[in-house]
Amino acid sequence: MKIYLKNTGIAILLLLVLFSCNGVFEYSPYVTQVKGGLKHIITRNSDWLHKILSNAEGDIKFAMISDTHYDYIELKKFIDHVNSRKDITFVVVGGDIADKGLLKEYEIFEDVMKGLNKPYLTVIGNHDYLAGGGEVYRQMFGAYNYSIEAAGKKIIFFDDVFWESNKRPDFSWLENELKSTGSKKPIIITHIPPWGDQFSKEDELIYANLMKKYKVQLSVHGHVHTSYHGHYYNDETSYVIVPSMLKGTFYEFTLTDNLNIKESKLQ
Amino acid sequence: MSEFLKKAFSLVFVYAISRSAFGADSTMVRKYRLLPRVYTLQYAGNLGFLSGGLGYSLVKDKVRVGLFYGYVPKVFSTKAIHTVALKGTLNLFKSRAGQDKLYIGTTLNMETGNNSFLKLPDKYPKGYYKTNAFHLTVFTGVKSFFAVQERKLKGIEPYIECGTVDSYLYYCISERLSFFDILSLSVGLNLKFK
């Protein structure tokens, strides 16, 4: 009996130690509760970016990757490259940050992105909505639709996921945002291109007409995994599709009057 | 779906416990031979905040299989999570006295309702996603048996397990992540009945 008491005592002590550790026990892959330190990344990073931009001289350039899914090795390569590039001010990730929408995937992504010495901003992708992913994204990154100002341009991040989000994209929000742009030339970043699989013909028309009406300079997307750059609807708006991270490719956008767009390959 | 499973499972659980607790004489034991003999309560381990299981011990107690239901209340996630799981373990080594055992095991978990589905909803084109309602976990654990001098109860068996989920393991290996990022612990208690 004595030995049992001793054993139980040790076991209880061990348990107490373990309970005090954070993240040692996991309840389910579908849990959506984001840890405090990982919250509100968009707000934090746009504040950071704002600070950088207020001291910046010369042209502002940003790099964009998309559809990282779980290709963390390529992502690390990209981070190493961008860290050594003084001319790139910030990074945009074009959605599909997670693959199955699991909290763990978001946590690993954030852990890898911590290595980046520049602010980054994100837009939500269809995979990010799977499982409890929509909620994880909201807690970890912030609003699905938002905009920032950089180098005299307004960059609008717009959630255009139809199926996984179980809602229609908020086109009226987008229109209001475009209306209030003023003299700044707008750039729109969404995950799915208007000719992508989740857009119906009517929705495609709504989007393309908005671009035409407000003379949007550039509309950037991901989702398709292959690269594209051109005037898809033969109007003023140029469309870019940033390929998936696995392809080892990213785009560089220089925010000058005419916008300089360049596709780069990682070594 | 999960609501139904939850109800069905709790009914079986209550029934089985009452049988074991009150159906004490030997003829009853024979009569209810098919009843589960191992009752488990577990904390964490990707089965839920708390999970309960009914199980059988097979091959001279070397193998255990059980059906589990686990629950994560809203306070730990935005929405409550219900998990139904099959759990199997296999003993590898035991201590000289035979009380302590090292084992490996796996669970097959199913969860629907948090934008996870068994069958792809109609709005998606065929083959757009595979089902995301299932997850496999693998783990290794140690358990210690403490005999109890009770008519029906053979003994209790606290255990501690360390494991991970299939997707995490895949990312860890293919993307060369640290194992410490994906491992998690669980603790539990088996009640073994005669």
Side-chain angles (χ1 to χ4, degrees), chain A residues 1 3-5 7-8 10-12 14-15 17-19 21 23-34 68-76 98-105 107-109 111-112 126-136 138-139 162-166 197-198 200, chain B residues 43-51 70-79 81-83 99-100 109 111-117 121 123-125 128-130 132-133 135 137 144 146-147 158 160 162-168 170-172 174-178 181-187:
Chain A
M1 196 63 200
I3 197 134
Y4 282 0
L5 281 176
N7 281 349
T8 333
I10 291 170
I12 288 170
L14 200 74
L15 282 184
V17 172
L18 291 171
F19 270 94
C21 300
V24 172
F25 293 101
E26 282 171 12
Y27 301 152
S28 167
Y30 299 98
V31 162
T32 55
Q33 204 170 47
V34 175
T68 52
H69 294 275
Y70 51 81
D71 302 312
Y72 304 114
I73 291 179
E74 285 298 324
L75 185 61
K76 279 175 193 160
D99 191 53
K100 300 178 194 335
L102 304 178
L103 175 62
K104 185 66 104 191
E105 296 173 331
E107 284 175 349
I108 298 173
F109 174 82
D111 199 48
V112 174
N126 56 320
H127 278 258
D128 302 326
Y129 267 113
L130 288 173
E135 178 59 24
V136 178
R138 197 188 59 73
Q139 291 180 33
F162 287 78
W163 295 338
E164 292 80 351
S165 65
N166 299 310
D197 49 9
Q198 302 204 0
S200 67
Chain B
Y43 168 72
N46 287 300
L47 283 184
F49 169 68
L50 277 178
S51 56
Y71 178 66
V72 182
K74 246 172 125 174
V75 285
F76 299 118
S77 192
T78 328
K79 242 173 113 185
I81 301 169
H82 304 277
T83 306
Q99 278 125 335
D100 305 321
N109 308 5
E111 190 270 359
T112 55
N114 283 292
N115 215 356
S116 50
F117 38 78
K123 61 184 163 191
Y124 298 101
Y128 203 69
Y129 292 117
K130 284 179 234 138
N132 62 350
H135 278 285
T137 72
S144 305
F146 298 95
I160 182 159
C162 177
T164 189
V165 179
D166 52 1
S167 315
Y168 306 171
Y170 177 72
Y171 302 153
C172 178
S174 69
E175 303 297 317
R176 288 179 238 140
L177 304 171
S178 156
D181 291 344
I182 61 156
L183 292 177
S184 69
L185 295 178
S186 61
V187 290

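In what follows, chains are A, B, ... by sequence order, proteins preceding strands, each numbered from 1. Just so it is clear, the structure is predicted and the values come from calculations on it, not from any experiment.
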OH/B:Tyr128: more than 12 non-hydrogen atoms of other groups inside 6.0 Å
yes
Would you say B:Ser77's side chain and A:Thr32's backbone share a donor-acceptor pair under 3.5 angstrom?
yes
So which part of B:Ser186 gets closer than 4.5 Å to some heavy atom of chain A, the side chain, the backbone, both or neither?
backbone
Which value, rounded to the nearest 0.5 Å, describes the distance between B:Tyr168 atom OH and A:Glu26 atom CD?
5.5 Å
Rounding to 0.5 Å, atoms OH (A:Tyr72) and OH (B:Tyr171) come to a distance of 6.0 Å
Interface moiety of B:Phe76 toward chain A, non-hydrogen atoms closer than 4.5 Å:
both
Using a 4.5 angstrom heavy-atom cutoff, name the option from A:Glu135, A:Gln139, A:Glu107, A:Gln198 with the most pairs to chain B.
A:Glu135
Give, as side chain, backbone, both or neither, the part of A:Asn166 having an atom under 4.5 angstrom from any heavy atom of chain B.
both
Would you mind telling me which of B:Thr83, B:Val165, B:Leu177 has the largest number of heavy-atom pairs within less than 4.5 Å of chain A?
B:Leu177
For the CG atom of A:Leu130 and the CZ atom of B:Phe117, what is their distance to the nearest 0.5 Å?
6.0 Å
Heavy-atom pairs under 4.5 Å with chain A are the metric here; pick the option from B:Pro125, B:Ser174, B:Pro158 that has the most.
B:Pro125
Compute whether any side-chain donor of one residue and acceptor of the other, for B:Tyr129 and A:Asn126, lie under 3.5 angstrom apart.
yes
Distance check, rounded to the nearest 0.5 Å: A:Tyr70 atom OH versus B:Ser167 atom OG?
9.5 Å
Portion of B:Leu50 that has a non-hydrogen atom of chain A nearer than 4.5 angstrom:
neither
Please check this pair: side chain of B:Asn115 against backbone of A:Tyr129, looking for a donor-acceptor N/O pair closer than 3.5 Å.
yes
Check whether A:Ile108 gets within reach of chain B through its side chain, its backbone, both or neither, counting any heavy atom under 4.5 Å.
side chain
Could you walk me through whether B:Glu175 and A:Val112 pass the side chain to side chain contact (heavy atoms under 4.5 Å, CB included) test, one step at a time?
CA-CA 11 Å; B:Glu175 303 297 317; A:Val112 174; over 6 Å; no
Need one label for B:Ile81: side chain, backbone, both or neither, based on atoms under 4.5 Å from any heavy atom in chain A.
side chain
Checking heavy atoms, do the side chain of A:Leu75, its backbone, both or neither come under 4.5 Å from chain B?
neither
Measuring from atom NZ of A:Lys76 to atom CZ of B:Arg176, what distance do you get when rounded to the nearest 0.5 angstrom?
8.5 Å
Atom pair OH (A:Tyr30) and NE2 (B:His135), whose distance is rounded to the nearest 0.5 Å:
3.5 Å
If you take all heavy atoms of B:Asn132 and A:Ala131, which pair is closest and at what distance?
ND2-N, 3.9 Å
